[in-house]
Amino acid sequence: FSPAFFSKMAVPLFLAVSGALLLGREGDTRYHYKKRVSRSILLLIFGSAVYYVSDRFLLGREWLPEDLFYTVIGPGIKYHLWFLYLYVCFQISVPLLQAMVQNLSDSGFLILFFFGQLERSRNLIEFLLTGRMDIVNAYIRPSWMASSVVLFPCLGYYLDQKVKEK
């Protein structure tokens, strides 16, 4: 194993643990958005601002206020802050995921995990079978199930509930 193997596991594991801890809670959606989502967005803005200022000092670039906005939400984002963007999306999705997983049967979870993994492996499967990729019509693919924001937190919640049952 290389050290990269463990770093690739970190984000899915974090999302699974977050799903186990947050998706089983009963709570006020307004409170969630006011506290957790706003904190996540502020953290993202702060991190982007730190990089914006450091770029200006280290690279001697011009100070333009609109560049900060572009740095936070535009294609000029710092690629290594991708995790913060994913976390904001996860926090925004928590109330919807709570409603979904708290009412999903075991067979519903199995369907979610099966099609989520199938979609995550789609390019490899298509390539192995046909030698080409992206041949399946995008409109019939359940790509939302394969999203890290959905799949890993739901998996964490499901495993947590199964452990609690035993």
Side-chain angles (χ1 to χ4, degrees), residues 3-59 61-104 108-109 111-123 134 138-139 141-161:
F5 172 77
F6 294 106
S7 69
K8 299 273 186 206
M9 290 179 13
V11 172
L13 188 59
F14 174 80
L15 288 170
V17 169
S18 296
L21 295 173
L22 293 176
L23 298 183
R25 289 184 176 178
E26 296 293 328
D28 181 24
T29 302
R30 191 175 316 151
Y31 175 82
H32 175 78
Y33 281 107
K34 187 176 180 182
K35 293 292 182 185
R36 290 189 185 272
V37 174
S38 63
R39 273 192 239 147
S40 300
I41 291 171
L42 286 174
L43 180 63
L44 176 63
I45 291 170
F46 176 76
S48 297
V50 167
Y51 280 105
Y52 175 79
V53 170
S54 68
D55 278 356
R56 295 314 174 258
F57 278 120
L58 296 175
L59 302 176
R61 293 186 178 161
E62 188 178 351
W63 292 82
L64 299 170
E66 61 270 13
D67 279 353
L68 177 58
F69 180 74
Y70 180 77
T71 301
V72 175
I73 66 162
I77 62 171
K78 294 297 181 183
Y79 63 89
H80 50 278
L81 293 179
W82 70 270
F83 176 76
L84 293 177
Y85 289 87
L86 178 76
Y87 189 66
V88 168
C89 290
F90 168 67
Q91 287 294 346
I92 289 170
S93 303
V94 163
L96 300 171
L97 292 174
Q98 283 174 328
M100 182 179 81
V101 299
Q102 290 175 8
N103 295 297
L104 207 54
F109 277 106
I111 290 168
L112 174 69
F113 301 140
F114 175 77
F115 284 110
Q117 275 310 115
L118 186 65
E119 176 62 19
R120 290 179 78 81
S121 307
R122 179 185 49 80
N123 283 338
D134 290 325
Y139 295 113
R141 295 188 343 232
S143 55
W144 68 272
M145 289 180 172
S147 166
S148 297
V149 171
V150 174
L151 190 62
F152 297 121
C154 291
L155 178 62
Y157 171 83
Y158 181 75
L159 293 175
D160 181 56
Q161 296 305 307

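Small disclaimer: the values here were computed from a predicted structure and weren't measured.
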- Query: CD1/I45 to CG/L84 distance, rounded to the nearest 0.5 angstrom?
  - Reply: 11.5 Å

- If you round to the nearest 0.5 Å, how far is CZ of R30 from NE2 of H32? 14.0 Å

- Task: Please check if the side chain of N103 supplies one atom and the backbone of A99 the other of a donor-acceptor pair under 3.5 Å.
- Result: yes

- Item | Residue pair C154 / L23: nearest heavy atoms and the distance that separates them | N-CD1, 4.1 Å

- Minimum heavy-atom distance between R25 and Q98, given as atom pair plus value: O-NE2, 3.2 Å

- Task: Answer yes or no: does atom CZ of F115 have more than 12 heavy-atom neighbours from other residues, nucleotides or ligands under 6.0 Å?
- Result: no

- Message: Could you measure the distance from the OG atom of S38 to the CD atom of Q91? Nearest 0.5 Å is fine.
- Response: 9.5 Å

- Item | Aromatic ring pairing F109/Y158, orientation class (parallel under 30°, perpendicular over 60°, tilted between) | tilted

- Rounded distance [0.5 Å steps], CG in L22 versus CZ in R36: 5.0 Å

- Please tell me if the side chains of Q161 and Y157 come closer than 4.5 Å, counting only heavy atoms from C-beta onward. yes

- Task: Answer yes or no: is there a side-chain heavy-atom contact under 4.5 Å between L44 and S40?
- Result: no

- Given side-chain contact (heavy atoms from CB on, under 4.5 Å), test L151 with E119 step by step and report yes or no. CA-CA 11 Å; L151 190 62; E119 176 62 19; over 6 Å; no

- Query: Taking everything shown except Y33 itself, do over 12 heavy atoms lie less than 6.0 Å from its OH?
  - Reply: yes

- Are V149 and L86 side-chain neighbours, meaning at least one heavy-atom pair lies under 4.5 Å? yes

- Roughly how far apart are S148 OG and F90 CZ, rounded to 0.5 Å? 11.5 Å

- Heavy-atom pair of closest approach, residues G156 and A20: O-CB, 3.4 Å

- Note on the structure: Correct closest heavy-atom pair for G116 and A146 would be O-CB, 3.5 Å

- Query: Using 30° and 60° as the class limits, which term best fits the ring planes of F83 and F14: parallel, tilted or perpendicular?
  - Reply: perpendicular

- Item | Separation of Y87 OH from W82 CH2 (nearest 0.5 Å) | 14.0 Å

